[in-house]
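Below: one structure in structure tokens.
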There are 2 protein chains.
Amino acid sequence: MAKLDFSPIADTTRRAEIVALLRRAILTGQLEPGQKLNELRISEQMRVSRAPLREAMRELVQEGILTSIPYAGTFVIDVTAKDIIDAYSLNKVLDEFAIELAWPQRDQRFFDELDRRHEAVKQATRALDTTRQIETALQLHGLIYEWADNSVLLETWQRLTSRLQMYFALHQRARNEPVPAEDVHETYVALLKGADMRAAQRHAREHIDLDFEELLGYARGLEKRASKN
Amino acid sequence: MAKLDFSPIADTTRRAEIVALLRRAILTGQLEPGQKLNELRISEQMRVSRAPLREAMRELVQEGILTSIPYAGTFVIDVTAKDIIDAYSLNKVLDEFAIELAWPQRDQRFFDELDRRHEAVKQATRALDTTRQIETALQLHGLIYEWADNSVLLETWQRLTSRLQMYFALHQRARNEPVPAEDVHETYVALLKGADMRAAQRHAREHIDLDFEELLGYARGLEKRASKN
DNA sequence: TCTTGTTAGATTGTCGACAATCTGCTTGTC
DNA sequence: GACAAGCAGATTGTCGACAATCTAACAAGA
């Protein structure tokens with residue numbers, strides 16, 4: 001018996017593809033917060049019937065990036081400053097926990113993967129591909145969750161990540177400057193390779209606070225705009 | 001203008017009702033882990049078409065209590081010992097965080113609600129209604145999350161709660177003894193009313209460990225049964 | 001006997017049409 | 001002009017039927 005292990009083949013339902021398409025559109029900000037999703041229009045554009053589209057939308061509602069009001073419609077979630085604050089403060093707590101769990105699990109594969117993902121971030125940064133930069137940075141960040149070996153924690157983080165990615169994308173869209181070219185993850189990666197777990201946890205916390213400051217500025221702008229309506 | 005605030009009227013879509021029915025069936029253990037949900041059979045029993053049923057099932061898949069394999073079917077999630085351990089260890093972390101956030105928010109309404117929910121648990125216990133006892137105990141537990149004023153945290157806990165409720169129900173079903181009549185929440189409630197936040201956090205952690213021991217016994221049984229297949 | 005190909009039945013995925021509900025406009029009344 | 005009633009169009013919710021896929025039983029061949 002050959003020891004080759006195959007990866008599961010791709011889901012080939014329309015529903016799964018629609019979910020992927022919609023999620024991407026939302027997380028990259030192509031669909032704006034609060035925007036209504038017209039079922040007929042979207043199903044025609046995608047050349048599918050409304051049934052799989054609606055099922056896909058139900059999934060994204062549960063995923064927390066769409067919201068649905070019976071007989072009124074399904075909308076991209078609104079983003080408030082408080083949402084961003086809430087997501088970030090929870091993220092801090094989860095990060096600390098994930099590092100604690102992942103710490104004794106670190107092995108060569110972990111370090112290799114860490115470098116690989118770090119490299120992906122740097123490459124996206126050099127290419128000035130902001131969307132990909134956000135994606136890869138979150139994937140780098142997610143490594144500790146994958147190594148924590150706690151399925152519920154991983155699932156929770158993936159849900160949270162969706163929102164964070166959306167927030168960052170909106171933030172990037174709002175300010176039309178290029179992204180910072182410097183590498184903010186160098187220290188983080190080094191600490192995860194080191195021997196001082198507490199230091200890694202502390203840095204994760206502070207590192208988050210850094211990006212957080214930027215996002216908060218954007219969030220405050222949102223609040224102002226909202227209050228005018 | 002009268003200051004009366006109305007609660008939202010009930011969702012009147014079949015989909016919402018189906019979700020509630022199915023969730024209840026799963027969380028009370030009427031639908032067993034691993035069991036397949038036959039769409040045609042269920043839709044006929046409920047006298048609805050498959051469309052709203054399928055949408056409801058997609059929601060529950062995202063909610064984490066169903067799992068779906070394309071063209072094969074949708075199944076109640078399997079429960080392994082590790083799942084229970086994972087859920088509990090995350091719950092500990094979230095509890096600590098929730099208490100920290102809720103602590104300064106405690107007001108008279110909080111204390112009243114605390115007593116009310118505590119009373120509901122005691123009543124269910126006296127009535128030997130195990131299902132309701134689990135429900136009310138989790139609702140009592142959820143109060144700190146509602147007062148923490150962090151929407152993402154609350155949402156996360158509600159997802160986690162679904163599973164915990166399912167685990168407890170399975171546990172109760174497995175052992176055919178009546179539930180303990182003593183009140184294990186007395187100290188918890190008292191500490192939440194007190195002034196020592198750290199003590200409350202510590203107790204939440206230990207209190208969880210208590211129930212956890214019981215559940216683990218059940219989980220180990222599951223593992224043994226699974227290994228025989 | 002084991003493997004492979006075939007087929008029938010059951011089940012899931014998708015479609016197009018109809019029913020229920022909402023929204024905004026128009027009309028009529030005061 | 002203000003306001004309520006009612007109508008028309010658009011959109012969401014639901015249905016029944018068909019297509020795609022899987023499963024299991026059976027047959028054929030090595």
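Residue numbering restarts at 1 for every chain, and letters A, B, ... go by the order of the sequence lines. These numbers were taken from a predicted model, which means no experiment stands behind them.
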Check: Using a cut-off of 4.0 Å on non-hydrogen atoms, how would the nucleic acid contact of A:Arg50 be classed: base, sugar-phosphate, or nothing?
Finding: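 Base contact - A:Arg50 has a heavy atom under 4.0 Å of at least one base atom.
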
Item checked: Flag, side chain of B:Asp83 to backbone of B:Thr80, donor-acceptor distance under 3.5 Å ->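 Yes, because the side chain of B:Asp83 sits within donor-acceptor range (under 3.5 Å) of the backbone of B:Thr80.
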
Margin query: Closest approach to the side chain of A:Thr13, judged atom by atom: which nucleotide of C:dG13, D:dC15, D:dT12 is it?
Written below: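 Nearest nucleotide to the side chain: C:dG13.
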
Next item on the list: Go through D:dC15, C:dG13, D:dT11 for me and flag the one nearest to the A:Asn38 side chain.
Entry: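 The listed nucleotide nearest to A:Asn38's side chain is D:dT11.
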
Margin query: Once you measure the plane-to-plane angle for B:Tyr145 and B:Trp157, does it fall in the parallel (<30°), tilted (30-60°) or perpendicular (>60°) bin?
Written below: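 The arrangement is parallel - the two ring planes meet at less than 30°.
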
Margin query: Counting only side-chain nitrogens and oxygens, does A:Arg54 get under 4.0 Å of the OP1 or OP2 atom of D:dT12?
Written below: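 Checking D:dT12 against A:Arg54, no side-chain N or O comes under 4.0 Å of OP1 or OP2.
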
Note to self: If you assign each of A:Glu39 and B:Pro52 to its closest nucleotide in DNA chain D, which residue comes earlier from the 5' end?
What the structure shows: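 Result: A:Glu39.
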
Check: Given C:dC15, C:dG13, D:dT12, which nucleotide is nearest the side-chain atoms of B:Tyr71?
Finding: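 From the listed options, C:dG13 comes nearest.
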
Next item on the list: Describe the nucleic acid contact of B:Ile18 in one word from base, sugar-phosphate, nothing, applying a heavy-atom distance below 4.0 Å.
Entry: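 Here B:Ile18 touches no strand at all.
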
Check: OP1 or OP2 of C:dG13 sitting under 4.0 Å from any side-chain N/O of B:Arg58?
Finding: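 So the side-chain polar atoms of B:Arg58 do come within 4.0 Å of the phosphate oxygens OP1 or OP2 of C:dG13, strictly under.
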
Item checked: A:Arg41 side-chain N/O to D:dT11 phosphate OP1/OP2 under 4.0 Å ->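 So the side chain of A:Arg41 is outside the cut-off, no N or O lying under 4.0 Å from OP1 or OP2 of D:dT11.
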
Note to self: Between B:Arg58 (side chain only) and A:Glu55 (backbone N and O only), is there a donor and an acceptor less than 3.5 Å apart?
What the structure shows: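 Checking the backbone N and O of A:Glu55 against the side chain of B:Arg58, no donor-acceptor pair under 3.5 Å is found.
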
Item checked: Distance, nearest 0.5 Å, that separates CD of A:Glu39 from CD1 of A:Ile42 ->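 So the gap between those two atoms works out to 8.0 Å.
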
Notebook entry, point to check: Looking at B:Arg14, does any N or O in its side chain come under 4.0 Å of the phosphate oxygens OP1/OP2 on D:dC15?
Noted result: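 Yes, B:Arg14 has a side-chain N/O under 4.0 Å of OP1/OP2 on D:dC15.
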
Notebook entry, point to check: Just to confirm, is there a sub-4.0 Å distance from OP1 or OP2 of C:dT14 to any side-chain nitrogen or oxygen of A:Ser49?
Noted result: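 For C:dT14, OP1/OP2 do not have a side-chain N/O of A:Ser49 under 4.0 Å.
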
